[in-house]
Structure formats: structure tokens, C-alpha cells
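The structure under discussion appears below in the form of C-alpha cells.
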Amino acid sequence: MSRRPVEITPDLLLRAYRAGLFPMAESRAGKRLYWLDPELRGILPLDGFHLPRRLRRTVLSGAFTVTADADFPGVIAGCAAPAPGREDSWINPEIERLFTELYRMGHAHSVEVWREGELLGGLYGVALGGAFFGESMFSRARDVSKVALVHLVARLRLGGFTLLDTQFITEHLAQFGTLEISRAEYKRRLAEALSMPARWLAAPEGLEEAIRVMRD
């Protein structure tokens, strides 16, 4: 007798994150979700974030309007949409549904970057205790996803977070100080972060100053 597949619910998703797992679909059209627990995990140390001077000028120039939790469905849809060099996506409709529900529950968050009312890019992830699990980002103009990342890091630092999980390390993230650690070390840091009383701040005071003092 075959077993019925376990239904993945938002609560199950949260339990998985607390255990160090995260889900991905094989493709945009894929029906099945897979749990990943890689041997090497990418993290971006919040106190070791590198902000290039040119990007700092861009972030502080006022060229973009940056918000948080203003259009979570728009951000996750943008992350799932095809883009040059990324014709397919691991974000299938089930992923969209589950994370949108986590957003409604107050566990998932987004950062949006706008220009003249148009959503140009952003990122989203899950916050639990002092850990933020970054899921995906997208950009429709130069530097937009980088601007979203800078704002995310500033919010996390102001809110008392201690762990920013990037899942994997990429060339894009490496320039900001992302590094790989072992599965055991990740889970040790995760346990510490989950016990921290951090708060997600959608519109924190001192945000611009927090960005201004980031080291290059």
C-alpha cells in the first residue's frame, strides 16, 4: 500500500526552517517540493557586510523608493518570473501559496524597490527569532536587487537579528561578504539565533544612518 504524501502546511514549513531545512521545487511547472539540507550553507554575516562606496551612493541618492511588506505577492511573483539567464524557476505555485500564507501570518517579509510607482525589484524571506532566511531576489534594472539587500541588512541589524541565511553562495552575494560554513556550524548558529528576541522592523528609525555607517 502506497503512503499518501505529507501535506506541506505553513506550520510544517516553519518547523522545517527551525530544523535547518528549506524547500525548493524542481522547476516552475514541478508539482513536488524537495527538502534541502546542504552540507555547506551560505550565510551573510551581518556585522561583516561589505557595502561598496558606489552602491552606498546609489542607495542614499534617492533614486529609488524602498519599502518593506508593501507588495509581498508582487515580489514573489517577480522572483518566480523568467529573466535573462534564468528562464526557469524553483518557485512553483505551491511555493508562492505557502510563502504568501506565511506573510499573512507575519513570518515572511519582503523588501520592495520602486521608481515612479513601478516595482523594479526586491527580495523576500522568512524571519524566526533572530534568524532571517533569505529566499530569492529579482531585479528589472541595474543595482535594484543590491539596493534591496542593503536595506534588508540595515533592517536586520536594527532589529537585533544575528543570522542571515542565504542558503547558497553566489558570485553576486560573495561581493558583500557571504561565506560558506558546514552544516553542523550552521545549525549551531541557527539554534543560537532562534533564541534571540529580534523584531522585524518594516519602517525603522535610523535606517539611513545605519546604511551610511556600513563599512566598504
task = Would you check, one step at a time, whether the test salt bridge (Lys or Arg N to Asp or Glu O under 4.0 Å) holds for E192 with K187?
result = CA-CA 9 Å; E192 289 182 356; K187 292 191 176 181; over 6 Å; no

request  = Take F138 and V144, measure what side-chain contact (heavy atoms from CB on, under 4.5 Å) needs, and give me the verdict at the end.
outcome  = CA-CA 8 Å; F138 80 103; V144 169; over 6 Å; no

inquiry  = Go through it in stages, so that I can follow the logic: the residues are S27 and W90, the test is side-chain hydrogen bond (donor to acceptor under 3.5 Å, both in side chains), and I'd like the CA-CA distance, side-chain angles, deciding distance and then a yes or no.
reply    = CA-CA 5 Å; S27 67; W90 57 268; over 6 Å; no

message = Could you go through L33 and L98, starting from their C-alpha distance and side-chain angles, then the distance that decides it, and tell me whether this counts as side-chain contact (heavy atoms from CB on, under 4.5 Å)?
response = CA-CA 11 Å; L33 299 186; L98 286 166; 3.9 Å; yes

key: Residue pair R189, D165: steps toward the salt bridge (Lys or Arg N to Asp or Glu O under 4.0 Å) verdict   = CA-CA 10 Å; R189 296 193 190 195; D165 174 12; over 6 Å; no

ask   = Where do R199 and L201 land on the side-chain contact (heavy atoms from CB on, under 4.5 Å) test, with the steps shown first?
value = CA-CA 6 Å; R199 291 194 307 128; L201 304 172; 3.6 Å; yes

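Looking at T9 and L13, their side chains never come closer than 4.5 Å, going by heavy atoms from C-beta outward. Annotation: side chain of V126 is not in contact with side chain of F132 (no heavy-atom distance under 4.5 Å). Between R215 and H50 there is a side-chain heavy-atom pair separated by less than 4.5 Å. Residues Y124 and I91 have side chains in contact (heavy-atom distance under 4.5 Å, counting atoms from C-beta outward). The closest side-chain heavy-atom distance from L36 to F168 is below 4.5 Å. Residues N92 and K31 fail the side-chain proximity criterion, which asks for heavy atoms closer than 4.5 Å. The closest side-chain heavy-atom distance from L102 to M105 is below 4.5 Å. Looking only at side-chain heavy atoms (C-beta outward), D216 and L51 stay at 4.5 Å or farther from each other.
In this structure a side-chain-to-backbone donor-acceptor pair under 3.5 Å is missing from D143 to K146. Without hydrogens or angle criteria, E185 side chain to S182 main chain gives no donor-acceptor distance under 3.5 Å. The main-chain N or O of S110 is found under 3.5 Å from a side-chain atom of D69 such that the two form a donor-acceptor pair. Using a distance-only test at 3.5 Å, with no hydrogens or angles considered, no donor-acceptor pair links the side chain of Y17 to the main chain of L12. A donor-acceptor pair is defined here as one N or O able to donate and one able to accept, closer than 3.5 Å; no such pair exists between the side chain of S139 and the backbone of G121. Between the side chain of E112 and the backbone N or O of D71, at least one donor-acceptor pair lies under 3.5 Å. In this structure, the side chain of R155 does not engage the main chain of W200 through any donor-acceptor pair within 3.5 Å.
Rounding to the nearest 0.5 Å gives a distance of 11.0 Å between CD of E118 and CZ of F64. With rounding to the nearest 0.5 Å, the separation of CZ in R140 from OG in S145 is 12.5 Å. Atom OG1 of T65 sits about 9.5 Å away from atom CD of E116, to the nearest 0.5 Å. The line from CD1 of I43 to OG1 of T178 is 9.0 Å long, rounded to the nearest 0.5 Å. Here T100 contributes atom OG1 and I95 contributes atom CD1; the two are 10.5 Å apart, rounded to the nearest 0.5 Å. With values rounded to the nearest 0.5 angstrom, R97 atom CZ is found 9.0 Å from I8 atom CD1.
The environment of CZ in R115 is sparse: at most 12 heavy-atom neighbours from other residues, nucleotides or ligands sit within 6.0 Å. More than 12 non-hydrogen atoms from other residues, nucleotides or ligands lie less than 6.0 angstrom from CZ of R183. The neighbour count for R54 CZ, taken as heavy atoms of other residues, nucleotides or ligands under 6.0 Å away, is above 12.
Closest approach of L44 to G177, counting heavy atoms only: CD1-C, 3.6 Å. Taking all atoms of both residues into account, the shortest heavy-atom contact from T162 to A193 is OG1-CB, 3.4 Å. When all heavy atoms of A80 and S89 are compared, the pair lying nearest together is O-CB, 3.4 Å. Nearest approach of C79 to G122, heavy atoms of both residues: SG-O, 4.5 Å. Nearest heavy-atom pair, D37 versus G20, reported as atom, atom and distance to 0.1 Å: OD1-O, 3.8 Å. Summarising the geometry of A154 relative to L207, their closest heavy-atom pair is CB-CD1, 3.4 Å, with the distance given to 0.1 Å.
Residues F133 and F22 keep their aromatic ring centres 6.0 Å or farther apart.
Between F49 and F176, the ring-plane angle classifies as parallel under the 30° and 60° cut-offs.
With L60 as the partner, the side-chain contact (heavy atoms from CB on, under 4.5 Å) test is satisfied by one option alone out of V150, I211, L55: I211.
Side-chain heavy atoms closer than 4.5 Å link hydrophobic residues (I, L, V, M, F, W, Y) into clusters, and following such links, possibly through other members, connects L163 to L21. Cluster annotation: M137 and I169 are assigned to distinct hydrophobic clusters (Ile/Leu/Val/Met/Phe/Trp/Tyr, side-chain heavy-atom contacts under 4.5 Å, transitive). Under the 4.5 Å side-chain heavy-atom criterion for grouping Ile, Leu, Val, Met, Phe, Trp and Tyr, W35 is connected to L128 within one hydrophobic cluster. In terms of hydrophobic clustering, with Ile, Leu, Val, Met, Phe, Trp and Tyr side chains grouped at heavy-atom distances under 4.5 Å, L149 and L158 are assigned to a common cluster. Cluster membership for Y186 and M196, using ILVMFWY side-chain heavy atoms within less than 4.5 angstrom, is not shared.
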